[in-house]
Amino acid sequence: MSNHHPRPSPGPQLPRLSLSLALLGLAACSQTEAPPENRDRPWQPPSRRAAGDLVWGQWRGAARDGHAPDRDLAAAWPAAGPKLAWKATGLGPGFASVAFAGNRAFTMGDTGGAARLYALDLADGAVVWHARVGAAGGNRNPGPRSTPATDGELVFGLGHDGELVCVAAADGAERWRCNLVDDYSGRMMSQWDFSESPLLDGDLLVCCPGGSDGTVLALRKTTGEVAWRCTELTDAASYASVIVAEIGGVRQYLVLTGQTVAGVDAANGALLWRAGFPGQTAVCATPVYEDGWLFVTAGYGVGCAAYRITANDGTFAVEQAYAGKQLQNHHGGVVLVDGHVYGVGRRNLKCLELRTGKVLWEEKSVGKGSVCYADGHLVVRSERGPLAWVAAQPTGYAEHGRFDQPDRSEEPSWAYPAVHEGRLYVRDGAVLLAYELR
């Protein structure tokens with residue numbers, strides 16, 4: 001176990017500019033001014049403080065499966081799209097999605113020469129506070145790739161350079177920070193920087209620095225001190241985020257690297273099981289799990305695979321049920337609904353049967369992009385901007401509306417959509433839009 005202690009609340013410091021920032025000429029974007037703060041907005045924390053009680057307090061929701069619990073949403077969208085509730089601007093470049101707690105939304109972006117965490121008022125999108133995470137920039141694409149996590153008291157953000165920070169949800173005051181490279185010898189599988197979204201689970205914050213000291217790391221969320229590190233798994237970190245599941249009565253973290261799928265004991269970091277999944281270039285999509293079945297997918301010609309995980313008296317076995325190229329998801333992710341996997345392959349939206357890998361239907365829809373699920377529908381966000389409202393059904397493709405976001409930037413729309421309390425949240429570079437779905 002590492003003896004590293006996190007750096008508590010540092011004073012002013014100069015950002016560590018990455019080599020890629022200079023090479024790619026991104027200094028201009030780092031000079032973008034941070035938006036004005038509205039710290040007089042009263043903070044209304046959630047009534048319950050456990051992370052599991054926050055329905056969308058982190059990447060892809062409480063269960064990290066892309067499912068929003070919202071009901072009674074509109075059955076169809078009007079031709080012009082849902083009504084725009086508000087538009088927040090000036091958040092800077094970045095591909096972070098959104099997390100929610102109380103009356104705040106949390107996201108990330110590059111402004112004022114740094115990657116920053118932002119807290120926005122859910123009433124109108126006004127920036128309440130922002131806090132520095134790490135250096136601005138990033139290899140190939142500027143801005144943070146990670147989505148914040150919050151338990152309603154603390155907020156956690158990960159920068160492209162591995163800088164991990166914890167701040168107070170109420171006012172953005174820094175509690176602790178560390179760096180996954182400098183402090184934990186982290187190593188990525190390729191060149192696009194840290195992109196996972198840390199998992200908040202009870203008292204732990206779980207992330208994947210990768211490398212020979214151990215792929216998976218669990219920190220005490222209040223102090224940043226090491227709880228454990230899985231030294232039995234030493235793969236480089238991929239771009240996929242960890243999920244949590246209970247299998248055979250054991251709570252475990254399901255990890256996808258560029259080489260491996262694995263289960264790690266949530267209590268102590270012990271490696272419970274592993275199987276091969278050879279990736280290429282960049283493995284990005286978060287795994288999905290249901291009733292002993294784990295589904296993973298990657299682009300660059302890799303495809304997808306399903307694994308059957310069983311337990312017997314605390315011993316775990318994993319068997320690959322199938323593998324193929326019927327779904328090659330690059331970085332838009334998939335959702336699993338009632339035994340069916342929905343996601344975009346190289347071009348088309350597809351529905352696969354989880355336990356067989358059979359493609360039940362495919363349709364161009366709005367093209368390559370990301371997905372989330374709410375009230376029997378998929379929100380499909382094209383990387384070129386358009387959004388579609390598609391029935392999540394295995395019987396065939398049924399679209400119930402689409403629209404083009406107005407005033408689109410020229411940046412690819414890689415940030416995942418999120419649905420929370422009847423609203424659809426869509427990130428477009430420096431802009432965050434909130435649409436009414438009821």
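Quick note: residue numbers are just sequence positions, from 1.
- Ring pair F106/W43 is perpendicular by interplanar angle, where above 60° counts as perpendicular and below 30° as parallel.
- With hydrogens and angles ignored, the 3.5 Å screen pairs no side-chain donor or acceptor of T234 with any backbone N or O of G214.
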For E225 and W176, what are the C-alpha separation, side-chain angles and deciding distance, and is it a side chain to side chain contact (heavy atoms under 4.5 Å, CB included)?
CA-CA 10 Å; E225 295 178 332; W176 58 262; over 6 Å; no
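- For the pair Q44 (side chain) and G102 (backbone), a donor-acceptor distance under 3.5 Å is absent.
- Looking at W293 and Y307, their side chains never come closer than 4.5 Å, going by heavy atoms from C-beta outward.
- Using a distance-only test at 3.5 Å, with no hydrogens or angles considered, no donor-acceptor pair links the side chain of E383 to the main chain of W414.
- Take Y373 and apply the ring pair (Phe, Tyr, Trp, His ring centres under 6.0 Å) test, not counting sequence neighbours, and it matches H67.
- Proximity of a side-chain donor or acceptor of S190 to a complementary backbone N or O of T281 within less than 3.5 Å is detected.
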With side chain to side chain donor-acceptor pair (under 3.5 Å) as the test, would you mind laying out the steps for Q252 and W273 before giving the verdict? CA-CA 10 Å; Q252 51 192 272; W273 57 267; 2.7 Å; yes
Please determine whether salt bridge (charged side-chain N to carboxylate O under 4.0 Å, His left out) holds for the pair R251 and D265, giving the CA-CA distance in whole Å, both sets of side-chain angles, and the decisive distance to 0.1 Å. CA-CA 6 Å; R251 190 171 185 83; D265 194 321; over 6 Å; no
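- Using a 4.5 Å heavy-atom cutoff, the side chains of L205 and L164 are in contact.
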Derivation of the side chain to side chain contact (heavy atoms under 4.5 Å, CB included) call for K87 and V431:
CA-CA 7 Å; K87 177 180 179 180; V431 171; 3.8 Å; yes
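- Partner of C208 under the side-chain contact (heavy atoms from CB on, under 4.5 Å) criterion, out of L256, V255, L233: V255 alone.
- Using a 4.5 Å heavy-atom cutoff, the side chains of L117 and P148 are in contact.
- Taking the side chain as every heavy atom from C-beta outward, L387 and L424 approach each other to under 4.5 Å.
- The two residues D375 and D72 come nearest to each other via the heavy atoms OD2-N, 3.2 Å.
- More than 12 heavy atoms of other residues, nucleotides or ligands sit less than 6.0 Å from atom CZ of R408.
- In terms of the salt bridge (Lys or Arg N to Asp or Glu O under 4.0 Å) criterion, residue partners of R41 (sequence neighbours excluded) are, by chain and number, D121, D124.
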Applying side chain to side chain contact (heavy atoms under 4.5 Å, CB included) to H330 and Y300, what does each step give before you reach the verdict? CA-CA 7 Å; H330 187 194; Y300 299 97; 3.1 Å; yes
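- When all heavy atoms of M108 and A96 are compared, the pair lying nearest together is N-CB, 3.8 Å.
- Although no hydrogens or angles enter the test, the distance criterion places no donor-acceptor pair under 3.5 Å between the side chain of N103 and the main chain of L122.
- For the pair T150/L200, no side-chain contact is recorded, criterion being any heavy-atom separation below 4.5 Å from C-beta on.
- A salt bridge links D193 with R145: the closest approach of a Lys/Arg side-chain nitrogen to an acidic carboxylate oxygen falls below 4.0 angstrom.
- Scored by the salt bridge (Lys or Arg N to Asp or Glu O under 4.0 Å) test, R381 finds no partners at all (sequence neighbours excluded).
- Distance CZ/F95 to OG/S146: 13.5 Å, rounded to 0.5 Å.
- The backbone N or O of G137 lies less than 3.5 Å from a partner atom in the side chain of D110, making a donor-acceptor pair.
- Checked by atom type and distance alone, the side chain of R39 pairs as donor or acceptor with a backbone atom of D171 at under 3.5 Å.
- Rounding to the nearest 0.5 Å places CG of L219 at 9.5 Å from CZ of R229.
- Here the closest non-hydrogen pair linking D428 and S409 is OD1-OG, 2.6 Å.
- In this view, Y416 and W59 satisfy the ring pair (Phe, Tyr, Trp, His ring centres under 6.0 Å) rule, not counting sequence neighbours.
- Judged purely by distance below 3.5 Å, without hydrogens or angles, the side chains of T260 and D235 pair a donor atom with an acceptor atom.
- In this structure, R384 places its CZ atom where only 12 or fewer heavy-atom neighbours from other residues, nucleotides or ligands lie under 6.0 Å away.
- Side chains of T297 and N329: a donor-acceptor N/O pair is absent below 3.5 angstrom, by distance only.
- Between the R177 side chain and the C166 main chain, no donor and acceptor come within less than 3.5 Å of each other.
- Looking at every heavy atom in both residues, P198 comes nearest to A149 through O-CB, 3.9 Å.
- Residues satisfying the ring pair (Phe, Tyr, Trp, His ring centres under 6.0 Å) test with W77, not counting sequence neighbours, are W389, F403.
- M189 places a side-chain heavy atom less than 4.5 Å from the side chain of V283.
- For the pair Q58 and S197, the minimum side-chain heavy-atom distance is 4.5 Å or more.
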Open item on the list: For a side chain to side chain contact (heavy atoms under 4.5 Å, CB included) check, start with the C-alpha distance between E33 and T111, then their side-chain angles and the critical distance, and finish with the verdict.
Closed with: CA-CA 5 Å; E33 290 186 5; T111 57; over 6 Å; no
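- The distance from the CG atom of L354 to the OH atom of Y289 is 10.5 Å, given to the nearest 0.5 Å.
- How far OG1 of T215 is from CD of E232: 11.0 Å, rounded to the nearest 0.5 Å.
- Taking CZ from F277 and CG from L294, the interatomic distance works out to 10.0 Å, rounded to the nearest 0.5 Å.
- Scanning both residues, G343 and L327, for their nearest heavy atoms gives O-CD1, 3.8 Å.
- Crowding of Q191 atom CD: a count of heavy atoms from other residues, nucleotides or ligands under 6.0 Å exceeding 12.
- Put simply, the side chain of R438 reaches to within 4.5 Å of the side chain of D70, judged on heavy atoms.
- For the atom pair CG (L437) and NE2 (H377), the distance works out to 10.5 Å, reported to the nearest 0.5 Å.
- Nearest heavy-atom pair across G152 and P45 is O-CB, 4.4 Å.
- Under 3.5 Å, the side chains of T107 and R427 contain a donor-acceptor pair of N or O atoms.
- If you check the side chains of W129 and E37, you find no donor sitting under 3.5 Å from an acceptor.
- Looking only at atom types and distance, the side chain of S241 has no donor-acceptor partner in the side chain of R60 under 3.5 Å away.
- For the 3.5 Å distance criterion, the side chains of E163 and N179 qualify, holding a donor opposite an acceptor.
- Checked by atom type and distance alone, the side chain of R402 pairs as donor or acceptor with a backbone atom of S365 at under 3.5 Å.
- For K221 and D151, the salt-bridge test passes: some basic side-chain N is under 4.0 Å from an acidic carboxylate O.
- Judged as a ring pair (Phe, Tyr, Trp, His ring centres under 6.0 Å), and not counting sequence neighbours, the contacts of Y425 are W86, F100.
- S370 places no side-chain N or O within donor-acceptor distance of the main-chain N or O of G332, the cut-off being under 3.5 Å.
- Side-chain N/O atoms of W56 and E421 include no donor and acceptor closer than 3.5 Å.
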